[in-house]
Trainee: 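Mind looking over this structure? Questions follow.
In what follows, residues are counted from 1 in the order of the sequence shown.
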Amino acid sequence: MTQIYDKVALIGLGLIAGSIGYAAKRAGVVGQISGYARSGDTRAAALELGFVDTVADSPADAVRDADLVILCVPVGAMAQVARQIAPALKPGATVSDVGSVKQAVVDAVLPHLPENVEFVPAHPMAGTEHSGPHAGFAELFENRWCLITPLPQNDPAAVARLEDFWRALGSQIETMDVVHHDLVVAVTSHAPHLIAYTMVGVADDMERVSQTEVVNLSAAGFRDFTRIAASDPTMWRDVFLNNRAATLEILGRFTEELFALQRAIRKGDGDKLFDYFTHTRAVRKSIIDAGQDTDAPDFGRSGAKE
Ligand code: NAP
């Protein structure tokens with residue numbers, strides 16, 4: 001494949017940055033990749049693993065001469081790194097990010113950047129419950145959606161180039177505005193994570209259910225919740241703090257539905273439950289038909305999520 005960017009800088013060197021680095025190298029679409037993470041241990045691991053060619057001692061040094069800079073840090077750290085890289089950005093460079101929330105990231109990043117760079121926010125809808133530099137892998141983005149949320153002032157050529165980059169990593173592209181993005185991911189990702197965290201918390205809290213019973217009998221559905229509830233605490237704290245309105249909106253609707261089902265159970269309304277579950281089963285089928293999961297009976301244990 002032809003080269004899309006000469007130099008790419010990854011700020012934050014965990015699961016997502018590692019996967020970008022491996023996938024970009026495999027596709028042959030970048031000349032070189034530099035990186036920066038907060039800790040020396042992470043920087044050393046990234047260099048040794050080889051998903052970056054160089055690491056720098058500061059975010060500013062990492063982005064010097066880069067044509068594309070991708071912020072791969074937790075949402076709550078975006079403002080700080082934007083401030084740190086701003087003076088060193090190459091005029092005409094594209095700055096992007098992978099944050100799970102978009103409006104809050106735009107608000108945090110944009111004020112710090114000079115006018116001669118393009119900030120094009122993005123969110124790859126792919127991940128696992130693992131984090132850190134050792135968690136990345138080249139196939140993470142294959143056939144997953146990358147949501148690009150261009151800003152009205154963006155140069156269309158810069159947006160198109162970023163889309164080409166994500167396509168080369170294996171992604172399918174969808175563009176939408178930031179507000180719509182935050183609502184969509186509240187339904188598909190953020191509220192489900194909160195529900196999983198809650199369900200695991202409930203089981204953990206029930207002293208009548210011994211630890212062994214919860215662990216040994218977990219295959220009955222609970223196991224899938226525990227996988228999601230093992231997701232990185234820093235990342236998910238930042239997601240909920242920064243997508244407050246949309247998440248609360250969806251959780252309000254969720255609570256209404258839950259009460260309706262609770263009432264159906266109390267009244268012994270089997271028809272209501274049967275119809276509801278028939279409808280939700282059709283949603284699952286449409287996800288499989290769209291190639292976003294397999295029908296294999298070990299659903300959820302080997303695939304990517306988010
Ligand atoms: P991760 O594996 O925990 O990696 C985060 C990286 O950011 C680490 O290298 C960490 O460095 C670095 N970092 C944290 N604070 C920093 C700071 N102030 N300055 C410089 N580096 C800093 O996280 P991830 O899963 O790759 O997630 C990164 C971003 O992708 C988040 O915004 C998240 O919302 C988004 N995202 C995640 C998923 C998912 O499922 N995981 C999916 C899509 C999008 P140290 O190791 O030195 O602490």
Trainee: State, with a plain yes or no, whether a side-chain heavy atom of Leu140 is found less than 4.5 Å away from one of Tyr22.
Mentor: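 Side-chain contact under 4.5 Å: no.
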
Trainee: When you compare the side chain of Gln292 with that of Asn143, does any pair of heavy atoms fall below 4.5 Å?
Mentor: yes

Trainee: Give, for atom CD of Glu118 and atom CG of Leu113, the distance between the pair rounded to the nearest 0.5 Å.
Mentor: 10.5 Å

Trainee: Check the surroundings of atom CD in Gln153: do more than 12 heavy atoms from other residues, nucleotides or ligands lie under 6.0 Å from it?
Mentor: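 Atom CD in Gln153 is crowded, with more than 12 foreign heavy atoms closer than 6.0 Å.
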
Trainee: Would you mind reporting whether Ile228 and Pro192 have side-chain heavy atoms less than 4.5 Å apart?
Mentor: no

Trainee: With the side chain counted from C-beta on, respond yes when Glu174 and Ile148 share a heavy-atom pair under 4.5 Å apart, and no when they do not.
Mentor: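 Glu174 does not reach Ile148 side chain to side chain.
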
Trainee: What do the steps show when you test Leu68 against Ile4 for side chain to side chain contact (heavy atoms under 4.5 Å, CB included), and what is the final call?
Mentor: CA-CA 10 Å; Leu68 173 66; Ile4 299 174; over 6 Å; no

Trainee: To the nearest 0.5 Å, what is the distance between CD on Gln32 and CG on Asp6?
Mentor: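 If I round to the nearest 0.5 Å, the distance is 6.5 Å.
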
Trainee: Under 4.0 Å between a Lys/Arg side-chain N and an Asp/Glu carboxylate O for Arg253 and Glu249?
Mentor: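 Salt bridge between Arg253 and Glu249, a charged N being under 4.0 Å from a carboxylate O: yes.
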
Trainee: Regarding Asp164 and Arg167, does a basic nitrogen lie under 4.0 Å from an acidic carboxylate oxygen?
Mentor: yes

Trainee: So do Asp293 and Arg284 actually touch side chain to side chain, heavy atoms under 4.5 Å?
Mentor: yes

Trainee: Mind checking ring-ring contact (aromatic ring centres under 6.0 Å, His included) for Phe225 and listing every partner two or more places apart, or none if nothing turns up?
Mentor: none

Trainee: Taking Lys102 first and then Asp97, would you say they form a salt bridge - that is, a charged N and a carboxylate O separated by under 4.0 Å?
Mentor: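 Salt bridge present between Lys102 and Asp97.
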
Trainee: Are Ile173 and Val98 joined in one hydrophobic group, where the rule is that I, L, V, M, F, W and Y side chains link up if heavy atoms are under 4.5 Å apart?
Mentor: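 Linked, Ile173 and Val98 end up in one cluster.
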
Trainee: Quick check on the hydrophobic clustering: are Ile250 and Val75 connected, directly or via other members, by side-chain heavy-atom contacts under 4.5 Å?
Mentor: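 The answer is no; the residues belong to distinct hydrophobic clusters.
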
Trainee: If you define the side chain from C-beta out and look only at heavy atoms, does anything of Phe51 sit under 4.5 Å from Ile33?
Mentor: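 Counting from C-beta outward, Phe51 and Ile33 never come under 4.5 Å.
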
Trainee: Output the distance between atom CG (Leu183) and atom OG1 (Thr188), rounded to the nearest 0.5 Å.
Mentor: 9.5 Å

Trainee: With hydrophobic residues grouped by side-chain heavy-atom distances under 4.5 Å, do Val185 and Met176 end up in a single group?
Mentor: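 Yes, Val185 and Met176 fall within the same hydrophobic cluster.
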
Trainee: Out of curiosity, Ser34 OG to Leu47 CG, how far, rounded to the nearest 0.5 Å?
Mentor: 11.5 Å

Trainee: Are Phe137 and Thr128 close enough, and set up right, to give a side chain to side chain contact (heavy atoms under 4.5 Å, CB included), and what steps lead you there?
Mentor: CA-CA 10 Å; Phe137 55 101; Thr128 73; 3.9 Å; yes

Trainee: Look up atom OH in Tyr36 and atom CD1 in Ile85, then write down how far apart they are to the nearest 0.5 Å.
Mentor: 12.5 Å

Trainee: Ring centroids only, cut at 6.0 angstrom: are Trp236 and His190 within range, meaning strictly under it?
Mentor: yes

Trainee: I want to check something: taking the side chain as every heavy atom from C-beta on, are Val8 and Ile20 in contact at a cut-off of under 4.5 Å?
Mentor: no

Trainee: Is any side-chain heavy atom of Gln84 closer than 4.5 Å to one of Ser58?
Mentor: no

Trainee: Just verifying a value: how many Å separate Asp289 CG and Ile287 CD1, rounded to the nearest 0.5 Å?
Mentor: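 Result: 10.0 Å between the selected atoms.
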
